[in-house]
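First comes the structure, then the notes that go with it.
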Amino acid sequence: MSVNTAKPDTADSAVKALFGQLGTWLMIIATVALGFIIVVETINILFYDPYSDEYFLFRLAGSLYGIGIGPLTYLMFGSLLVALMMGLPLAFVTGGLGVAFIYLVGDALMLNIVPSRIFPMMTNSDLAAIPLFIFMASMLERAGLIEEMFNVVYKWMGGLSGGLASATILASTILAAMVGVIGAAVVTMGIIALPAMLRRGYDHQIALGSIMAGGTLGILIPPSILAILYAVVAQQSVGELYLGSVVPGLMLSGMYIAYVLIRTAINPKLGPPISKEERISFKDKLLLLKDLIAPFILVALVLGLLFGGIATPVEAAGIGSFGAMVVAAMHKSFSIKTLKEASITTAKASAMVLWIMFGASVFVGFYILQGGQEFITNAILGTGLSSYGILFLLMALLVILGMFLDWVGILLLAVPIFIPIVKSLTFDGLFGLPAVPGEDVVLWFGVLYLVNMQMSFLSPPFGYALFYIRGVCPPEISMATIFRSSLVFLGLQCLGLVLCILFPAIITWLPDKVYG
């Protein structure tokens with residue numbers, strides 16, 4: 001038996017080694033070829049007149065001049081897909097391909113598109129809120145507030161069937177209102193809440209699903225980083241977008257909790273309550289709330305200033321960052337080391353977001369300049385679908401993109417193309433339900449987009465939340481179990497998305513009340 005199993009093992013190893021060597025040589029050949037092309041083109045630029053017919057060996061500048069927008073679409077987005085499948089980072093792939101296609105379709109002078117796309121973004125003041133909110137999240141995380149918050153909610157709800165999973169979702173909702181960053185919420189709640197649920201015999205799918213679904217609420221509930229980026233790209237008010245996303249975010253949180261409580265009420269074995277010995281009196285529960293006073297005041301202050309129109313998003317984020325340091329000091333967690341770690345985390349995350357923005361802006365800007373916007377618009381409007389049919393098609397495309405692309409990349413690649421399409425449509429209401437006022441369409445679509453991005457985080461096979469939770473799961477939990485645990489909550493997100501489409505007032509009511 002040992003002899004028979006050894007031969008296939010040896011054969012498999014030989015095949016893997018062969019493919020590894022082949023991949024290495026392909027990369028070497030591709031690198032050498034690219035280096036040779038760069039050297040030749042550098043000589044052309046330095047020593048030959050770009051307007052003459054003379055060149056050294058060959059010239060790639062303008063070699064695709066006159067190509068139709070259809071073939072160019074396949075070339076640009078096909079190249080993007082291949083590069084991403086090779087594992088190359090999105091930030092540099094989009095920017096690099098954008099510059100490459102600008103050079104191939106135009107000439108060296110056409111590269112002026114690059115600074116003309118990037119500089120307006122660099123001078124947009126709303127983007128300054130992103131590093132400030134990330135710093136606020138990093139500081140609150142290091143202050144130990146997440147553990148304290150979960151402990152409070154866990155003691156309040158642990159006596160119910162499914163109480164721990166419900167507490168996880170509720171704590172994630174509160175956390176979303178504090179930080180607006182997805183990865184930190186899923187990973188931290190996975191480290192804190194998952195072992196507590198597994199020790200008490202919780203069903204794996206409910207335990208994992210509640211952590212992942214709750215963690216993705218940070219995309220929707222203010223102060224969402226993604227909402228700021230959408231507002232910048234779509235020329236939308238950040239305050240209105242934040243207000244529009246409050247009710248859908250709380251609605252989805254309530255749907256998750258209701259599902260967990262109903263499932264565990266029908267079958268208590270899926271989520272048994274904590275033992276009577278672990279429960280505390282109502283008086284002790286009230287005393288625990290003092291741990292949440294400082295963070296609640298901070299969140300109320302930041303969002304209150306923003307929603308009330310007293311402060312801009314940048315000013316509110318600055319106040320929140322300073323308040324986060326005060327809260328950390330109150331919890332005796334503030335130090336030079338903590339400040340340094342939070343600052344480094346902020347710099348890394350902000351640089352990643354901004355590089356993706358710059359790269360995707362160049363890529364999409366060039367594509368739109370070549371007529372890509374009109375091509376996509378005509379292709380979608382030419383399907384003959386109704387306004388709502390086109391809306392569902394756009395939502396489906398966003399879900400598909402979410403299976404493969406980073407959320408910032410989807411925003412920068414898809415939203416600039418989708419917004420003009422949505423603006424050209426009228427939404428008179430389905431089944432006799434209320435219509436969407438024309439002035440609210442961009443706001444309404446923006447919140448639908450945010451809900452859709454939550455779905456992308458849970459969508460197998462490449463949803464980010466699936467891999468965040470994989471990193472903190474015990475080894476006996478398989479990836480298939482994680483995939484299955486996401487499906488029910490993904491269905492609830494689909495239901496929430498449909499409700500927001502059918503009843504647009506879920507999104508528009510609060511902004512209309514505040515801003516009129």
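Here the structure is a predicted model, which means the values were calculated and not measured.
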Fit a plane to each ring of F445 and F418, take the angle between them on a 0 to 90° scale, and name the class: parallel (under 30°), tilted (30 to 60°) or perpendicular (over 60°). perpendicular

Using only atom types and a distance under 3.5 Å, with no angle test, would you say the side chain of S456 pairs donor to acceptor with the backbone of M453? yes

With a sphere of 6.0 Å drawn around OH of Y388, does it hold more than 12 non-hydrogen atoms of other residues, nucleotides or ligands? yes

Quick one: does I134's side chain get under 4.5 Å of S350's, heavy atoms only? yes

So for atom CD1, which belongs to I336, do other residues, nucleotides or ligands contribute more than 12 heavy atoms lying within a distance under 6.0 Å? no

How many angstroms lie between CE in M455 and SG in C494, if you round to the nearest 0.5 Å? 3.5 Å

Using only atom types and a distance under 3.5 Å, with no angle test, would you say the side chain of T338 pairs donor to acceptor with the backbone of S333? yes

Trace of the side chain to side chain contact (heavy atoms under 4.5 Å, CB included) decision for L298 with M136: CA-CA 10 Å; L298 177 61; M136 176 180 165; 4.1 Å; yes

Close side-chain approach of I421 to Q373, heavy-atom, < 4.5 Å: yes

Check whether the ring centres of F56 and F47 lie less than 6.0 Å apart, and answer yes or no. no

Let's go through V451 and L220 carefully: what are the C-alpha distance in whole Å and the side-chain angles of both, what is the deciding distance for side chain to side chain contact (heavy atoms under 4.5 Å, CB included) to 0.1 Å, and is it a yes or a no? CA-CA 7 Å; V451 176; L220 192 57; 3.9 Å; yes

Counting C-beta onward and ignoring hydrogens, is there a side-chain heavy-atom pair between L75 and I67 closer than 4.5 Å? yes

Could you tell me whether the side chain of N378 and the main chain of E374 form a donor-acceptor pair under 3.5 Å? yes

Mind listing the closest non-hydrogen atom pair of V93 and A83 along with its distance? CG1-CB, 3.6 Å

Could you check whether any side-chain heavy atom of L241 comes within less than 4.5 Å of a side-chain heavy atom of V238, counting everything from C-beta outward? no

Are side-chain heavy atoms of P511 and L443 found at a separation under 4.5 Å? yes

Looking at L458 and S486, what are the two nearest heavy atoms and their distance? O-OG, 3.3 Å

Listed by chain and number, what are the ring pair (Phe, Tyr, Trp, His ring centres under 6.0 Å) partners of Y256, not counting sequence neighbours? F489

In Å and rounded to the nearest 0.5 Å, what is the CE to CD1 distance from M212 to I482? 6.5 Å

Going by heavy atoms in the side chains, are I368 and V364 under 4.5 Å from each other? yes

Please answer whether the main-chain N or O of I69 pairs with a side-chain N or O of T73 as donor and acceptor at a distance below 3.5 Å. yes

To check you understand the geometry: which heavy-atom pair defines the closest contact between C500 and I507, and what is its length? CB-CD1, 3.9 Å

CZ-CG distance between F101 and L80, expressed to the nearest 0.5 angstrom: 9.5 Å

dist Q370:CD -> L64:CG (nearest 0.5 Å) comes out at 10.5 Å

Indicate the atoms forming the closest heavy-atom contact of L381 with S424, along with that distance. CD1-OG, 4.4 Å

Which atom names give the shortest non-hydrogen contact between M251 and L499, and what distance separates them? SD-CD1, 4.3 Å

With heavy-atom distances below 4.5 Å as the criterion, would you say the side chains of T345 and F135 are in contact? no

Determine, stepwise, if the pair E315 / L305 fulfils side chain to side chain contact (heavy atoms under 4.5 Å, CB included). CA-CA 9 Å; E315 292 165 347; L305 290 172; over 6 Å; no

Taking atom CD as the centre, does E439 end up with more than 12 heavy-atom neighbours from other residues, nucleotides or ligands that are less than 6.0 angstrom away? yes

Do W444 and V422 have side-chain heavy atoms sitting under 4.5 Å apart? no

Of all residues at least two apart in sequence or in a different chain, which pass the ring pair (Phe, Tyr, Trp, His ring centres under 6.0 Å) check with F77? F363, Y367

To the nearest 0.5 angstrom, please state how far the CD1 atom of I419 sits from the CD atom of Q236. 8.5 Å

Would a distance-only check, ignoring hydrogens and angles, find a side-chain to backbone donor-acceptor pair under 3.5 Å from S387 to T426? yes

Worked verdict on I37 versus F58 for side chain to side chain contact (heavy atoms under 4.5 Å, CB included): CA-CA 9 Å; I37 292 171; F58 57 83; 4.3 Å; yes

In short, S245 meets L450 closest at the heavy-atom pair CB-CD1, 4.4 Å

Which value, rounded to the nearest 0.5 Å, describes the distance between I225 atom CD1 and L411 atom CG? 12.5 Å

